[in-house]
Amino acid sequence: MDAMDHGLSAIPRALATEAVHAGREDLAGLGLHAPPLDLSTTYPSYDARAEAARIDEFATTGARLDGPPVYARLDNPTVARFEDALARLEGAEAAVAFASGMAALTAVLLARASQGLRHVVAVRPLYGCSDHLLDAGLLGTEVTWTDPAGVTDALRPDTCLVVVESPANPTLAEADIRALAHSCGSVPLLVDNTFATPVLQRPVEQGARIVLHSATKYLGGHGDVMGGVVACDEEFARTLRQIRFATGGVLHPLAGYLLLRGLSTLPVRVRAASSTAAELVRRLATDPRIARVHYPRIGGAMIAFEVYGDPHDVIAGVRLITPAVSLGSVDTLIQHPASISHRIVAEGDRRSAGVSDRLLRMSVGLEDVEDLWRDLTQALSAPPAGSLRAAAPAASGRPVAMPRPAGR
Ligand SMILES: Cc1ncc(COP(=O)(O)O)c(C=O)c1O
């Protein structure tokens, strides 16, 4: 506890309050309002013996250094503020930030596999590059793909990690995290919480040991910062810090600054965009040009839908909505997963995970719902005459399938 926070950080506070105060408790005592941005790559010390002792301490424990970092690859005070804030929002003991979501996943895999266990169980779909990293075994791991019900059977004595996204990219399939954590037994469950954010779901409270974010998305929230973060217990955080130091996937301090700022508006952004998304889902569900809408039970600002027409026409037709990969920004983005976010996944694997070629994924932003609807509806191509063909196969039954109106 900082001397100046008068013990207030120990009192449980609502998420909206944590979002604007966590990681900033010492600022008033420092005579500051905005958090300081420390861009130093190195830190002077006239006492090399003391520095040696601190380096030894970090190398053996992975605990955060007291006092200034020795070198920016060990730690950074601005990034540490973001880590502290995110850990609080996720209800975790600690968080460790990385250069991107993929750097964060890489560090988790290295941390787990370095303990000699190389088998990973993963639930499809995952974000395309996460799928690729596991499927190609780029880090020397071996993956077994399954659905949530198959996790227990897929576990082996050398299983080091179970990986799930919920809601999943891009189908928004949801897993029962509590049940999944139970199925994992002593094997840590990693939940990628990028789509839900801690505003809608806190996986640690449901038994997940590791929570991962592409901070590039909702945490930053403005499409101008790339980062990743892992929330977990302090013991695992220590291993992650040592791996980050040795492999160098650090988050830049300016990114840490922007992410901390992004967290302060996370609850209002997510709630506002989610209510617009829910309204768009209601309208899409009765639109004759839409074969199927996917929207998670927990809600959120991500929607996905399968069109009867050519999805490329929709991408080419939007004017207000930005046709771009990524998500979680203040503006609405739409993309075609089979062409972009999941292109790197083999076609058969993609389809069997429910990623139909007719699926579009939309990240709903903060624009007015009527403006979004007008743009979307003009971009949706009318159903070609006489071609009310069957939609692509349903996505494993977990996403919410909106019935289309009778006779259409
Ligand atoms: C769910 C999910 N996890 C991880 C990642 C990877 O994050 P990054 O692009 O920050 O490396 C993404 C990227 O789209 C994602 O959607």
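Just so you know, ligand 1 is whichever comes first in the structure, and atom 1 is the first atom listed for that ligand.
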Full working for side-chain contact (heavy atoms from CB on, under 4.5 Å) between M362 and L280: CA-CA 10 Å; M362 197 160 102; L280 293 176; 3.7 Å; yes
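- Between F245 and F58, the ring center distance clears the sub-6.0 Å criterion.
- Shortest contact from atom 16 (O) of ligand 1 to any protein heavy atom: N169 ND2, 2.9 Å.
- For K217, the closest heavy-atom approach to ligand 1 falls below 4.0 Å.
- No salt bridge links R374 with E370; every basic N to acidic carboxylate O contact stays at or beyond 4.0 Å.
- The heavy atom nearest to atom 7 (O) of ligand 1, considering only S363, S214, G227, is found in S214.
- Using a 4.5 Å heavy-atom cutoff, the side chains of P253 and D38 are not in contact.
- Taking any N or O of M226, backbone or side chain, none lies under 3.5 Å from an N or O belonging to ligand 1.
- The closest heavy-atom contact to atom 3 (N) of ligand 1, among the options D192, T106, T194, L219, comes from D192.
- Atom 11 (O) of ligand 1 has as its closest protein heavy atom M102 N, 2.9 Å.
- When only non-hydrogen protein atoms are considered, atom 6 (C) of ligand 1 lies nearest to Y127 CE2, 3.6 Å.
- Between R156 and E142 there is a salt bridge, since a side-chain N of the basic residue sits under 4.0 Å from a carboxylate O of the acidic one.
- Residue contact check: E165 has heavy atoms under 4.0 Å from atoms 1 (C) of ligand 1.
- Judged purely by atom type and a 3.5 angstrom limit, R54 has no side-chain atom pairing as donor or acceptor with the backbone of L65.
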